[in-house]
Student: 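First, the structure itself, so that you have it in front of you.
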Amino acid sequence: MGTHIILIGFMGAGKTTVGKALAKALDRPLFDTDKLIEEQAAMSISRIFEVYGEERFRSLETETIRNMVSAQGSWVLSVGGGLPLRKENRKLLKQAGCVIYLRVQPGTVLNRLRGDTTRPLLSGGDVKERVEKLLSDRSPVYEEAAHITVDVDGKRPEEIAEEILRKSTGSSIQDKSRDSL
Ligand code: S3P
């Protein structure tokens with residue numbers, strides 16, 4: 001296993017905020033696949049979906065993690081909620097480092113993403129139904145993709161980061177003190 005830390009999970013699970021807490025605690029840079037793709041394409045994720053479609057977006061995700069895996073240093077990476085759906089991506093992530101699944105309940109997702117307009121997969125129609133269906137379809141995939149699973153509902157990002165560090169004791173990500181959390 002590589003030394004990087006990768007956060008996976010559904011939209012609204014808190015991958016970016018937990019990633020920030022972990023990156024701070026471990027003094028590592030934080031990357032986010034959605035941000036990298038938006039910068040590279042000079043376009044928002046919604047616009048990429050609109051103009052090129054979901055499949056093209058998924059290929060951009062694969063390209064992005066391929067590039068990240070060959071990048072220098074040890075980093076924390078938060079990945080888009082659908083990125084682990086491709087088997088090839090799951091393999092790349094598992095080789096790159098410790099993959100952590102932030103498991104979230106549908107109610108938390110709905111509370112956090114109420115009024116959100118940046119996620120094309122949740123726009124329009126019955127959002128509750130869509131979240132429940134996508135979450136139940138994807139849960140086994142997330143479980144399979146991860147080395148460690150952490151439940152996030154009702155916890156602060158720092159608490160979750162602390163739990164991740166505790167659960168990963170002995171793994172290669174433990175190269176910095178956890179006192180800074
Ligand atoms: C997606 C999740 C989004 C973004 C895109 C598709 C998904 O990222 O990549 O809208 O398929 O779950 P977040 O998980 O960061 O919201």
Side-chain angles (χ1 to χ4, degrees), residues 5-26 30-38 44-50 53-55 57-58 60-61 64-65 76-87 89-90 93-94 97-169 171 173 178 181:
I5 303 175
I6 298 122
L7 298 174
I8 65 168
F10 201 72
M11 294 171 266
K15 298 178 294 275
T16 307
T17 42
V18 173
K20 278 184 190 155
L22 271 174
K24 189 172 168 221
L26 296 166
L30 171 69
F31 297 97
D32 177 305
T33 55
D34 283 345
K35 270 204 196 130
L36 291 168
I37 292 170
E38 287 185 328
S44 69
I45 302 289
S46 302
R47 188 85 183 123
I48 295 172
F49 267 71
E50 203 180 301
E54 182 173 349
E55 265 317 289
F57 172 71
R58 299 296 172 203
L60 292 174
E61 289 190 313
T64 304
I65 50 165
V76 178
L77 178 68
S78 152
V79 311
L83 186 142
L85 295 178
R86 279 197 183 179
K87 194 173 177 189
N89 296 354
R90 294 199 290 280
L93 295 182
K94 262 204 168 154
C98 187
V99 182
I100 294 140
Y101 168 30
L102 301 185
R103 185 164 56 195
V104 67
Q105 295 302 313
T108 304
V109 174
L110 289 163
N111 278 337
R112 288 184 180 168
L113 299 186
R114 187 167 293 130
D116 177 86
T117 54
T118 64
R119 288 162 174 99
L121 293 184
L122 299 184
S123 67
D126 187 334
V127 178
K128 182 169 181 284
E129 205 173 275
R130 185 108 37 85
V131 166
E132 284 169 354
K133 166 92 175 70
L134 277 175
L135 204 43
S136 93
D137 288 350
R138 289 178 177 188
S139 292
V141 177
Y142 291 142
E143 304 272 355
E144 187 211 301
H147 296 105
I148 294 172
T149 297
V150 175
D151 288 306
V152 299
D153 305 85
K155 296 177 190 162
R156 288 178 300 110
E158 292 76 16
E159 271 177 81
I160 300 166
E162 169 105 36
E163 193 174 329
I164 291 168
L165 292 174
R166 219 175 29 244
K167 286 190 168 175
S168 62
T169 302
S171 104
I173 69 171
R178 68 183 66 163
L181 269 175

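Residues take their numbers from the sequence shown, with the count starting at 1.
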Student: How long is the straight-line distance from CZ of Phe10 back to CG of Leu135, given to the nearest 0.5 Å?
Tutor: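 CZ of Phe10 is found 5.0 Å from CG of Leu135.
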Student: Do the side chains of Leu93 and Leu83 get nearer than 4.5 Å, heavy atoms only?
Tutor: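 Answer yes - side chains close enough.
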Student: Find the distance between CE (Met11) and CG (Leu122) and round it off to the nearest 0.5 Å.
Tutor: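 Those atoms lie 4.0 Å apart.
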Student: What's the verdict on side chain to side chain contact (heavy atoms under 4.5 Å, CB included) for Ile65 and Leu77, showing C-alpha distance, side-chain angles and the deciding distance?
Tutor: CA-CA 9 Å; Ile65 50 165; Leu77 178 68; 4.0 Å; yes
Student: Using 4.0 Å as the upper bound for N to carboxylate O, is an ion pair formed by Lys167 and Glu163?
Tutor: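 Between Lys167 and Glu163 there is a salt bridge, with a charged N closer than 4.0 Å to a carboxylate O.
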Student: Within the 4.5 Å heavy-atom criterion, are Asp32 and Val79 side-chain neighbours or not?
Tutor: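 Answer no - side chains too far apart.
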Student: Provide the closest heavy-atom pair for Val18 versus Pro157 in the form atom of the first, atom of the second, distance.
Tutor: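 Of all heavy-atom pairs spanning Val18 and Pro157, the closest is CG2-CA, 4.2 Å.
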Student: Go through the steps to decide whether Val150 and Arg103 satisfy the test side chain to side chain contact (heavy atoms under 4.5 Å, CB included), and finish with yes or no.
Tutor: CA-CA 6 Å; Val150 175; Arg103 185 164 56 195; over 6 Å; no
Student: State, with a plain yes or no, whether a side-chain heavy atom of Thr16 is found less than 4.5 Å away from one of Ser78.
Tutor: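 Answer yes - side chains close enough.
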Student: Where do Ser139 and Tyr101 come nearest, in terms of heavy atoms and distance?
Tutor: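 For Ser139 versus Tyr101, the nearest heavy atoms are OG-OH, 4.0 Å.
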Student: Would you compute the distance between atom CD1 of Ile45 and atom CD of Glu54 and round it to the nearest 0.5 angstrom?
Tutor: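 Reported value, rounded in 0.5 Å steps: 11.5 Å.
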Student: Compare all side-chain heavy atoms of Ile148 with those of Cys98 and state whether any distance is below 4.5 angstrom.
Tutor: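 Sidechains of Cys98 and Ile148: in contact.
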Student: What are the two closest heavy atoms between Ala145 and Ile8, and how far apart are they?
Tutor: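 Shortest heavy-atom contact: CB-CD1, 3.8 Å.
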Student: Taking Asn111 for its side chain and Arg114 for its backbone only, find out whether a donor-acceptor pair lies under 3.5 Å.
Tutor: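 The answer is no, because no donor-acceptor pair under 3.5 Å joins these two groups.
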Student: Could you walk me through whether Glu55 and Arg58 satisfy the salt bridge (charged side-chain N to carboxylate O under 4.0 Å, His left out) test, starting with their C-alpha distance in whole Å, then the side-chain angles of each, then the deciding distance to 0.1 Å, before giving a yes or no?
Tutor: CA-CA 5 Å; Glu55 265 317 289; Arg58 299 296 172 203; 5.9 Å; no
Student: Give me the atom names and distance for the closest heavy-atom approach of Val104 to Gly12.
Tutor: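 What the structure gives for the nearest pair is CG2-O, 4.4 Å.
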Student: Find the distance between OG (Ser46) and CD (Glu38) and round it off to the nearest 0.5 Å.
Tutor: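 If I round to the nearest 0.5 Å, the distance is 8.0 Å.
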Student: Examine distances only and state if a side-chain atom of His147 and a backbone atom of Val99 form a donor-acceptor pair shorter than 3.5 Å.
Tutor: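 Checking the backbone N and O of Val99 against the side chain of His147, a donor-acceptor pair under 3.5 Å is found.
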Student: Taking side-chain contact (heavy atoms from CB on, under 4.5 Å) as the test, write out the residues that go with Lys128, two or more places apart.
Tutor: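 In terms of side-chain contact (heavy atoms from CB on, under 4.5 Å), with neighbours along the sequence ignored, Lys128 is linked to Leu110, Asp126, Glu132.
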Student: Identify the two heavy atoms, one from Asp34 and one from Gly80, that lie closest to each other, and give their separation to 0.1 Å.
Tutor: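 For Asp34 versus Gly80, the nearest heavy atoms are OD1-CA, 4.0 Å.
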Student: Considering non-hydrogen atoms only, spot the tightest contact between Ala13 and Leu102 and give its length.
Tutor: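 It is CB-O, 3.7 Å.
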Student: In terms of the angle between their ring planes, are Phe49 and Phe57 parallel, tilted or perpendicular, with boundaries placed at 30° and 60°?
Tutor: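 Answer is tilted, since the angle falls between 30° and 60°.
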Student: Enter the distance from Leu7:CG to Ile100:CD1 here, rounded to the nearest 0.5 Å.
Tutor: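 CD1 of Ile100 is found 5.5 Å from CG of Leu7.
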Student: Given Glu144, which of Lys94, Arg90, Arg138 fulfils the salt bridge (Lys or Arg N to Asp or Glu O under 4.0 Å) condition?
Tutor: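 The salt bridge (Lys or Arg N to Asp or Glu O under 4.0 Å) with Glu144 is passed solely by Arg90 among Lys94, Arg90, Arg138.
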Student: Please answer whether the main-chain N or O of Gly124 pairs with a side-chain N or O of Arg130 as donor and acceptor at a distance below 3.5 Å.
Tutor: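 Checked: pair present.
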Student: Considering only heavy atoms from C-beta outward, does the side chain of Val152 approach that of Thr108 to under 4.5 Å?
Tutor: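 A side-chain contact under 4.5 Å is absent here.
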Student: How many angstroms lie between CD1 in Ile5 and OG in Ser168, if you round to the nearest 0.5 Å?
Tutor: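 Taking CD1 in Ile5 and OG in Ser168, the distance rounds to 7.0 Å.
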Student: List in chain and number order the residues that pass side-chain contact (heavy atoms from CB on, under 4.5 Å) with Glu159, two or more places apart in sequence or in another chain; answer none if no residue qualifies.
Tutor: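 Lys155, Arg156.
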